[in-house]
S.K.: 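Have a look at the structure that comes next, please.
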Amino acid sequence: MSNQTHDSVEPSYLVAKKGLLSWLITVDHKRIGLMYLVATLFFFMVAGLLAILLRTELFTPGQDFMSAQTYNQVFTLHGAIMVFLFIIPSVPAAMGNFLLPLMLGARDVAFPKLNLLSFYIYCIAAVMLVLTLVMGSLDTGWTFYTPYSSTTGTAVIMATLGVFIAGFSSILTGLNFVVTVHKMRAPGVTWNRMPLMIWAIYATALIQVLATPILAITLMLLCIERVLSIGIFDPALGGDPVLFQHFFWFYSHPAVYIMVLPGFGIVSELITVHSRKHIFGYRAIALSSVAIAVISFLVWGHHMFVSGQSELAGVVFSFITFAVAVPTAIKVLSWVATLYGGSIRYTTPMWYAMIFLWTFTVGGLTGLYLSTLSTDVHLHDTYFVVAHFHYVMVGGTVIAFLGGLFHWFPKMFGRMYNERAGAISALLVFIGFNVTFGTQFFLGHQGMPRRYYAYLPEYEYLHQISTVGSWVLAAGLFLVLFTLLAGLKFGKHAPANPWGGVSLEWHTATPPIEHNFHHIPHVESGPYDFPEIDWDSAKH
Amino acid sequence: MSSSNASNERPAWVAHHFDTAGQQVSSAKLGMWLFLATEALMFSGLFLAYFLIRKLHPDMVLVASEELNKAYGGVNTVVLIFSSFTMALGVRAAQVGNQKSLERNLMITIACAFIFMGVKYIEYSAKIHHGLLPWNFFDMEKAAHHSAALASFEYTPMFFGIYFTMTGLHGLHVVIGIGVLTWILIRARRREFTPDNYVAVENVGLYWHIVDLVWIFLFPLLYLVK
């Protein structure tokens, strides 16, 4: 910052070292982040295309081009790839890797080699999951429920080992990030001066470290079950199949927050930077991330209201699930309060943040229907559930991810994208998404069960609307891809701080130099103290 | 790189992205403790499975657990606790820069790990010989010949399933322990550790203690509890 002449001489991290090998063995968190970004976007596309196949098959009530067995395999692969290879690593491992040290004013994460190792572990897991395709595929659904998964003839061992290994990658990334946040903050970056993105990544990393080992042991037990057969999940051999569901959801419910908390972090950044206003309720948002992380470990039973758990357990889990709504509402209301009276700029990231507020709120509120015991009995395993979690996962995480991608794209690559194309993509995604999944609430409420390849003719009308919506959504997502690729190739050179952000990643060159900062910054104010804020009049 | 006064005193073993040696050491320790937390959580899943089996089939577990050899289990417990002690002595030796004591204690610890695996081999062989294995490999004929009481329970193989799973995963950790202890021993012989820089020894020591700790829970639950 001080010696600007020196800044322009040092090459950016993209060109500091050259050749393919310099990427493959890099320990630079920014390069590792980009490699994750490319890999996760690739799997997003693969699993997205599978989803389009599913929706197209559902255009008519009968069988079109997929048999029941193929349909089962395609929706399983769609779910498994989306969850384990895209959503879980997308924001934390791809964006988090890029941003965390920059936002903390550090030169790198605490364990750079471990960081590269987690990327390769992720790659091995990805190869294994894809290999299931040629090994008889997988038809258990991404949840691997027993006893079906311990008896079906498909490639369960390969798939579960793949997810098991992906879990290690997730644990190591989480561990790395927790240590980085604790130990690598630049002078003056106190806990209360960390950007909210960091708080969200930190809460996520805690869940990754504390929940993923349970998934590991669950999947290991499932593999052992198939090889040696302990009988622990099989009632015919003296076990209890519901135990698997307890095990699985003890990980997979917190995992839902692994997926959505980083999205919250991104939205906190987007809304405050693009409305030029200090975030409303900084501490409330920061601590609500941690609160959500804690509560997330205590709500797994709401996936099992109809699995035969005791009535008391149902009531308790229902109550705790309602409690999640409190910290979540604190966040949403704080974002809305931040917008109030702000100088809102309708940039592409801001459009996505606005879409997030709408779709995530719908997703969150419909969760309350499902956590209510009596309505859940009616809605369990219907399209209502499908619509609910897509509103949270796509309408929450993916929309935030896209917004974040547009927001930090200039920082990552040093180029600007076309604002108009970005805004049109946001519009297409918004329309396509709501048409696709909004209709599914009605389908589910009318009794359409999930995971069926054919259905009764009375559902045809809504299914067709949903399928057309999915095509619009796909068009919007491809437009995002083209906008970014075109920006990469033809975009104007980005200034160091295109959005006027105050957090540390905007205080270095664009794209950043290899070691992030020429001099480790010394921070004396918060991450949202924009220069144009008039604190004196704000007090009134 | 950052502050000019620190770069002069900066030891060579401090990685480029840390400001001070203290930052590197405390990062490594925190990372290790988090890793230990994941280990504890992973084993907790197996303990839960064990308790469920006990709850579902209490009589079977009582009879089946009599098949485990308390003497061998006891010897292994003593061996592991002793090795934890020598490991702690090794860490202390690294801390005060006693090179000879560090190498000797590491070697004793590794030897104990081998003894543990040897005893485990004898125990496993006996179980395999009597056909006392998980469902897919359980041999009812041999088991009935060995003990009529065992054969009278319908779900006996479950106990041996959880026994082999828990002790097998623990045994895998002992084998990995042998690997990392050997790696530390090689580094110690290259004189890489000094009283300022021995966090790797300490972290491997922590790992070895949790391997010991898990066994201290496994032994009474599987061999002793009525």
Side-chain angles (χ1 to χ4, degrees), chain A residues 27-29 101 106-114 167-168 171-172 174-176 178-180 182-184 186-187 205-206 208-218 220-221 224-234 237-240 243 246-247 250-251 515-521, chain B residues 1-4 6 15-20 22-53 55-57 60 133-138 153-166 168-169 172:
Chain A
V27 289
D28 180 351
H29 67 98
R107 293 186 200 88
D108 209 320
V109 292
F111 309 116
K113 287 178 193 157
L114 194 68
F168 277 104
I171 289 175
L172 293 179
L175 188 153
N176 213 339
V178 172
V179 177
T180 305
H182 274 273
K183 302 289 179 189
M184 306 293 283
L206 281 180
Q208 284 179 296
V209 171
L210 298 180
T212 319
I214 309 295
L215 176 75
I217 199 68
T218 310
M220 206 192 77
L221 278 172
I224 294 176
E225 192 68 43
R226 283 181 73 94
V227 179
L228 303 175
S229 178
I230 311 173
I232 181 101
F233 298 138
D234 191 344
L237 301 177
D240 182 358
L243 178 68
H246 279 291
F247 267 137
F250 187 83
Y251 163 75
H515 295 306
N516 295 350
F517 302 96
H518 295 285
H519 304 283
I520 290 301
Chain B
M1 199 173 304
S2 61
S3 45
S4 52
H16 77 278
H17 58 291
F18 289 111
D19 284 326
T20 60
Q23 190 186 23
Q24 173 165 331
V25 168
S26 64
S27 297
K29 278 192 202 168
L30 179 60
M32 193 64 201
W33 279 104
L34 285 170
F35 175 73
L36 296 187
T38 69
E39 289 278 12
L41 282 160
M42 191 170 75
F43 274 103
S44 71
L46 287 182
F47 283 110
L48 183 68
Y50 164 84
F51 284 117
L52 189 87
I53 291 178
K55 181 174 171 288
L56 291 173
H57 312 291
M60 179 275 284
L133 291 163
W135 276 103
N136 281 358
F137 302 95
F138 189 77
F153 292 103
E154 196 179 351
Y155 298 118
T156 308
M158 280 190 97
F159 179 81
F160 294 99
I162 198 72
Y163 166 76
F164 276 102
T165 306
M166 294 179 98
L169 188 65
L172 181 68

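Each chain gets a letter, A, B and so on, in the order its sequence line appears, and its residues count up from 1. Because only heavy atoms are used, hydrogens play no part in the values below, and waters and symmetry mates are left out as well, while side chains stay in. Computed from a prediction, not measured in an experiment: that's the story for all the values here.
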S.K.: Could you check B:H16 against A:H515 for side-chain contact (heavy atoms from CB on, under 4.5 Å), going step by step and ending with a plain yes or no?
M.R.: CA-CA 9 Å; B:H16 77 278; A:H515 295 306; 3.7 Å; yes
S.K.: What part of A:M220 lies closer than 4.5 angstrom to a heavy atom of chain B: side chain, backbone, both or neither?
M.R.: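 For A:M220, the contact with chain B is made by the side chain alone.
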S.K.: Can you tell me which portion of A:I232 sits under 4.5 Å from chain B's heavy atoms? Options are side chain, backbone, both or neither.
M.R.: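 Contact with chain B: backbone and side chain both.
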S.K.: What verdict does the side-chain contact (heavy atoms from CB on, under 4.5 Å) test give for B:L48 and A:L243, after you've listed the backbone C-alpha separation in whole Å, the side-chain angles of each residue and the deciding distance to 0.1 Å?
M.R.: CA-CA 9 Å; B:L48 183 68; A:L243 178 68; 4.3 Å; yes
S.K.: Rounded to the nearest 0.5 Å, how far does CE of B:M42 lie from CG of A:L215?
M.R.: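 CE of B:M42 is found 11.5 Å from CG of A:L215.
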S.K.: How long is the straight-line distance from CG of B:L46 back to CD1 of A:I224, given to the nearest 0.5 Å?
M.R.: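 It comes to 7.5 Å.
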S.K.: Roughly how far, to the nearest 0.5 Å, is OG1 of B:T38 from CD of A:Q208?
M.R.: 12.5 Å
S.K.: With only heavy atoms counted, which part of B:F18 is less than 4.5 Å from chain A, the side chain, the backbone, both or neither?
M.R.: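 Both backbone and side chain.
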S.K.: Test side-chain contact (heavy atoms from CB on, under 4.5 Å) on B:D19 and A:R107 and set out the steps.
M.R.: CA-CA 9 Å; B:D19 284 326; A:R107 293 186 200 88; 3.0 Å; yes
S.K.: Please classify the contact between A:L228 and chain B as side chain, backbone, both or neither, with a heavy-atom cut-off of under 4.5 Å.
M.R.: both
S.K.: What's the shortest heavy-atom distance between B:L41 and A:I214, and which atoms?
M.R.: O-CD1, 3.5 Å
S.K.: If I measure from the heavy atoms of chain B, does A:L221 come under 4.5 Å with its side chain, its backbone, both, or neither?
M.R.: side chain
S.K.: Anything in residues 22-29 of chain B with a heavy-atom distance to chain A below 4.5 Å? Please list those residues in order.
M.R.: B:Q23, B:S26, B:S27, B:A28
S.K.: Go through A:V27, A:L114, A:T180, A:V109 and name the one with the most non-hydrogen pairs under 4.5 angstrom from chain B.
M.R.: A:V109
S.K.: Report which part of B:L169 has an atom under 4.5 Å of a heavy atom belonging to chain A: side chain, backbone, both, or neither.
M.R.: side chain
S.K.: Answer with side chain, backbone, both or neither: which region of A:L210 has an atom nearer than 4.5 Å to a non-hydrogen atom of chain B?
M.R.: both
S.K.: Report the distance from atom CE of B:M158 to atom CG of A:D234, rounding to the nearest 0.5 Å.
M.R.: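 Atom-to-atom, B:M158:CE and A:D234:CG are 9.0 Å apart.
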S.K.: Answer with side chain, backbone, both or neither: which region of A:H246 has an atom nearer than 4.5 Å to a non-hydrogen atom of chain B?
M.R.: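 Neither; nothing under 4.5 Å.
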S.K.: Please enumerate all residues that pass side chain to side chain donor-acceptor pair (under 3.5 Å) together with A:N516, with sequence neighbours excluded.
M.R.: A:H29, A:K30
S.K.: Starting at CZ of B:F35, measure out to CG of A:L172 and round the result to the nearest 0.5 Å.
M.R.: 8.0 Å
S.K.: Look at the side chain of B:H17 and the backbone N and O of A:P112, then say whether any donor-acceptor pair between them is shorter than 3.5 Å.
M.R.: no
